Protein chains: 2
Amino acid sequence: MARAATTSDVFNAIAEPQRQEILVLLRAGERAVTELARELGMTQPRASKHLRVLREVGLVRDRKAGKQRLYGLDARGLRPVHEWTGGFERFWNESFDRLDAYVQDLKQARQEE
Amino acid sequence: MARAATTSDVFNAIAEPQRQEILVLLRAGERAVTELARELGMTQPRASKHLRVLREVGLVRDRKAGKQRLYGLDARGLRPVHEWTGGFERFWNESFDRLDAYVQDLKQARQEE
DNA sequence: CAATAATATGCCGATATCGGCATGTGTAAA
DNA sequence: TTTACACATGCCGATATCGGCATATTATTG
């Protein structure tokens, strides 16, 4: 077995930096593939492939417009990720405190040497 | 080139379901490797490897306790992910509206046939 | 020190990923 | 219909992943 399929898994889909860029770009509005590729400095096939993944997990939708195909954001799939990480909200402060206390202890110990 | 290294990348680290489980479990408190492996039904080497990844991206910290090694949560690294997805918060409602409008249009169109 | 327990690692196999390049498919205009 | 443009796909190579198994490594105990 290897890694879980990137398709049908939003977590994996957004783990790719270039796909993140695409999503961010699409916040500014729909884009045709070539346009998007140009703005992000990637080749057209590359853009198409990433868009395919994003489409398959439902993060983007496409519609035909003449000979172009416009891709638009459908961010609903990001909500579960937001909520999942949100489940750790109280921990990332707490962890901070603990680390802080730990650092204090270290200082203390060092002075007592 | 292949996929971005899972190490040193929180997005990739949490894209693995089993690692997600580990993080969730660790919210309940520190765990030794074997203990954790047992609770999640995975082999020890498997647990160790996932913990290594999580450690390398800074999502867990470990400390020695006798012949055991206790792993604890350090959720600070999840904050950027939470914030990044949060940047789409206003879109996942808006997208919904658009879809809704789209569906309405379809209904309308169908009735006019 | 020897024996044991708890972890970490190394190596392997199967598979999936991402990028490039060439080429298919589809649509529109001449 | 031919031409041209926009996009999708297929195949390949290089690499990374994850799991299993066996085996280090490290720490405790007798």
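These numbers were taken from a predicted model, which means no experiment stands behind them. Protein chains get the first letters and strands the later ones, always in sequence-line order, with residue 1 at the start of each.
The side chain of A/H50 contributes no N or O atom lying less than 4.0 Å from OP1 or OP2 of C/dT17. OP1 or OP2 of C/dG19 lies within a sub-4.0 Å distance of a side-chain N or O belonging to A/Q18. Using a 4.0 Å cut-off, no side-chain N or O of B/R52 falls inside it from OP1 or OP2 of C/dT7. An OP1 or OP2 oxygen of C/dC18 is reached within less than 4.0 angstrom by no side-chain nitrogen or oxygen of A/R46. A close approach under 4.0 Å does occur between a side-chain nitrogen or oxygen of A/Y71 and OP1 or OP2 of D/dA8. Checking the phosphate oxygens (OP1, OP2) of C/dA6, no side-chain nitrogen or oxygen of B/T34 falls inside 4.0 Å.
Checking C/dT7, D/dC7, D/dG20 against the side-chain heavy atoms of A/A32 singles out D/dC7 as nearest. Distances were taken from every side-chain heavy atom of B/S48 (C-beta onward) to each of D/dA8, C/dC18, C/dA8; the shortest belongs to C/dA8. Residue B/K49 has its side chain nearest to C/dC11 when only C/dC11, C/dG19, C/dA8 are considered.
Using a 30° and 60° split on the angle between ring planes, B/F11 and B/W84 fall in the perpendicular class, above 60°.
Not one N or O on the side chain of B/R31 forms a donor-acceptor pair closer than 3.5 Å with the backbone of B/L36. When atom types are taken as modelled, the side chain of A/Q68 and the backbone of A/A65 share no donor-acceptor pair closer than 3.5 angstrom.
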Once base and sugar-phosphate atoms are separated, protein heavy atoms under 4.0 Å mark nucleotides 22-30 of chain C, 5' to 3', with B, S and - as B----SS--

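The CG atom of A/L23 lies 6.0 Å from the CG atom of A/L73; values are rounded to the nearest 0.5 Å.
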